[in-house]
2 protein chains.
Amino acid sequence: MDAQGIKQCLEDSGLRCTPQRYSVMSFLMEHAGHPTAAEIFEGVNRLDPRSSRATTYNNLRDLVQAGLVREVAMEGRAARFDAKGAQHHHFICDKCGKVEDIDWYTVPQPGSESLGKRIVRECELIVRGLCTKCVPRRASQNSSRVVSAV
Amino acid sequence: MDAQGIKQCLEDSGLRCTPQRYSVMSFLMEHAGHPTAAEIFEGVNRLDPRSSRATTYNNLRDLVQAGLVREVAMEGRAARFDAKGAQHHHFICDKCGKVEDIDWYTVPQPGSESLGKRIVRECELIVRGLCTKCVPRRASQNSSRVVSAV
DNA sequence: ATTTCATATTAGACATAATCTAATTGCTAT
DNA sequence: ATAGCAATTAGATTATGTCTAATATGAAAT
Ligand SMILES: [Mn+2]
Ligand SMILES: [Mn+2]
Ligand SMILES: [Zn+2]
Ligand SMILES: [Zn+2]
């Protein structure tokens, strides 16, 4: 997406397109690897304009609230972020913690008898296991069996 | 589950059944509300024996590694824990952050063309929205529409 | 062009969650 | 009893994220 597109995107969500906010959004769109807030802060400040740590956090909060960015909470580690482009699921590696996109497919919602009066906004599927780099060579199918159905 | 059952459970997983570890496991089994580490620490120390904060964290780590306990990472807030009893999904409230159990049902795994060489250990479904307490009275179905399929 | 004023940014202090360290204690096997 | 490993402990430390209060910015009104 080009600069004008990002600007449009922000303003459609009621957010002013400030240089700092633009940088965060732009960085996320060209770095699909689910960076942490610290990585985003570093990344946008490698080039001008300088943005402060607080502003990076503020803008990430605003972008998440506006639904343009997704925050993925990690056990023990720093949260990771991605621009909500095409819908997709996530794979999280047990060993290295890497977050990878998985092609989107529809997942059935819980039945209304389970949900009661709750109002559903979204369903999120997280697949866990070992990423390509962490799968041991000649992995025996015994040691880490692929689950059959879940 | 009775005391002997918990002891068995721990030892089957190669964990010694120490008083502190037992307390954590027992507390989680009788408090299904997804407590934080701090709440567990407080809870087990209301009665003897006294357990330290470090030990509470250590034992939670051990129990998660052994697959007896699940850790649910929360954006910004402290992680929450539950004893892995019957399989179930989770509902997380956008507003108050409460984690609630949702009846389990099978969710289709990603196809092997998406997974590549990755090895899947589990698929986790997280439903997000407003919990019963946070749904506004006479909620108009316009303001927060139930997603049709996801 | 100037004023106005809500919004955004900033540095750094602060808060919270989680981990680490090094000393001690408790088990279990011999 | 002794040895040796595992577990616990208090407190320090790190990591992550939030808050504050002062300043800057930009869009709208005059
Ligand atoms: Mn993603
Ligand atoms: Mn649960
Ligand atoms: Zn990995
Ligand atoms: Zn709620």
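In what follows, chains are A, B, ... by sequence order, proteins preceding strands, each numbered from 1.
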Main-chain N/O of A:Ala32 paired to A:Asp82 side chain as donor or acceptor, under 3.5 Å: no
By salt bridge (Lys or Arg N to Asp or Glu O under 4.0 Å) - contacts of A:Asp94 (at least two apart): B:Arg121
Integer-rounded Å distance: D:dA7 C1' and B:Arg61 CZ: 11 Å
Listed once per pair and sorted, the salt bridge (Lys or Arg N to Asp or Glu O under 4.0 Å) pairs that draw on residues 57-69 of chain B, sequence neighbours left out: B:Arg21-B:Asp62
Between C1' of D:dA7 and CG of B:Leu60, the distance in whole Å: 15 Å
Those residues that, when tested against B:Arg53, pass salt bridge (Lys or Arg N to Asp or Glu O under 4.0 Å) (two or more places apart): none
Nucleotide N/O to protein N/O under 3.5 Å, stretch nucleotides 16-18 of chain D:
residue : atom : partner : partner atom : Å
D:dG17  : OP1  : A:Ala79 : N            : 3.0
D:dG17  : OP2  : A:Tyr57 : OH           : 3.0
D:dG17  : N7   : A:Arg53 : NH1          : 3.2
D:dG17  : O6   : A:Arg53 : NH2          : 3.2
D:dT18  : O4   : A:Arg53 : NH2          : 3.2

Side-chain donor-acceptor contacts of residues 2-12 of chain B below 3.5 Å, not counting sequence neighbours, with atom names and distances?
residue : atom : partner : partner atom : Å
B:Asp2  : OD1  : B:Gly5  : N            : 3.1
B:Lys7  : NZ   : B:Glu11 : OE2          : 3.4

Interatomic distance where CD belongs to A:Glu75 and C1' belongs to C:dA17 [whole Å]: 14 Å
Atom-pair distance (CG on B:Asn45; C1' on D:dA10), nearest Å: 13 Å
Any A:Ser51 side-chain N or O less than 4.0 Å from OP1/OP2 of C:dT9: no
Hydrophobic cluster membership, B:Val64 vs B:Met25, 4.5 Å side-chain cutoff: yes
Global bending angle along the helix from C:dA1-D:dT30 to C:dT30-D:dA1, which compares the axes of five pairs at either end, to 10 degrees: 30°
Donor-acceptor contact present, side-chain B:Thr36 to main-chain B:Glu39, <3.5 Å: yes
Nucleotide C:dA8, atom C1' - distance to OH of A:Tyr22 in whole Å: 19 Å
Which atom of B:Ala73 lies closest to which atom of A:Glu75, heavy atoms considered: CB-N, 3.6 Å
Side-chain hydrophobic cluster, 4.5 Å single linkage: members besides A:Tyr57: none
Those residues of residues 90-97 of chain B lying under 4.0 Å from DNA chain D by at least one heavy atom: none
Distances for protein N/O vs nucleotides 28-30 of chain C N/O pairs under 3.5 angstrom?
none

Rounded distance in Å - CZ (A:Arg21) to C1' (D:dA24): 15 Å
side-chain N/O A:Gln20 vs D:dT25 OP1/OP2, d < 4.0 Å: no
N or O in side chain of A:Thr18 less than 4.0 angstrom from D:dG26 OP1/OP2: no
With sequence neighbours excluded, residues passing salt bridge (Lys or Arg N to Asp or Glu O under 4.0 Å) with B:Lys98: B:Glu100
A:Thr55 side-chain N/O to C:dT10 phosphate OP1/OP2 under 4.0 Å: yes
Qualifying ring pair (Phe, Tyr, Trp, His ring centres under 6.0 Å) pairs with a residue from residues 15-47 of chain A, counting only residues at least two apart or across chains: A:Phe27-A:His31, A:His34-A:His90
same_hphob_cluster(B:Ile92, A:Val72) at 4.5 Å side-chain heavy-atom cutoff: yes
Nucleotide C:dT7, atom P - distance to CD of A:Gln65 in whole Å: 14 Å
For A:Glu71, salt bridge (Lys or Arg N to Asp or Glu O under 4.0 Å) partners two or more places apart: none
Parallel, tilted or perpendicular: rings of A:Tyr105 and A:His89 (30°, 60°): perpendicular
D:dA6 OP1/OP2 closer than 4.0 Å to side-chain N/O of B:Asn58: no
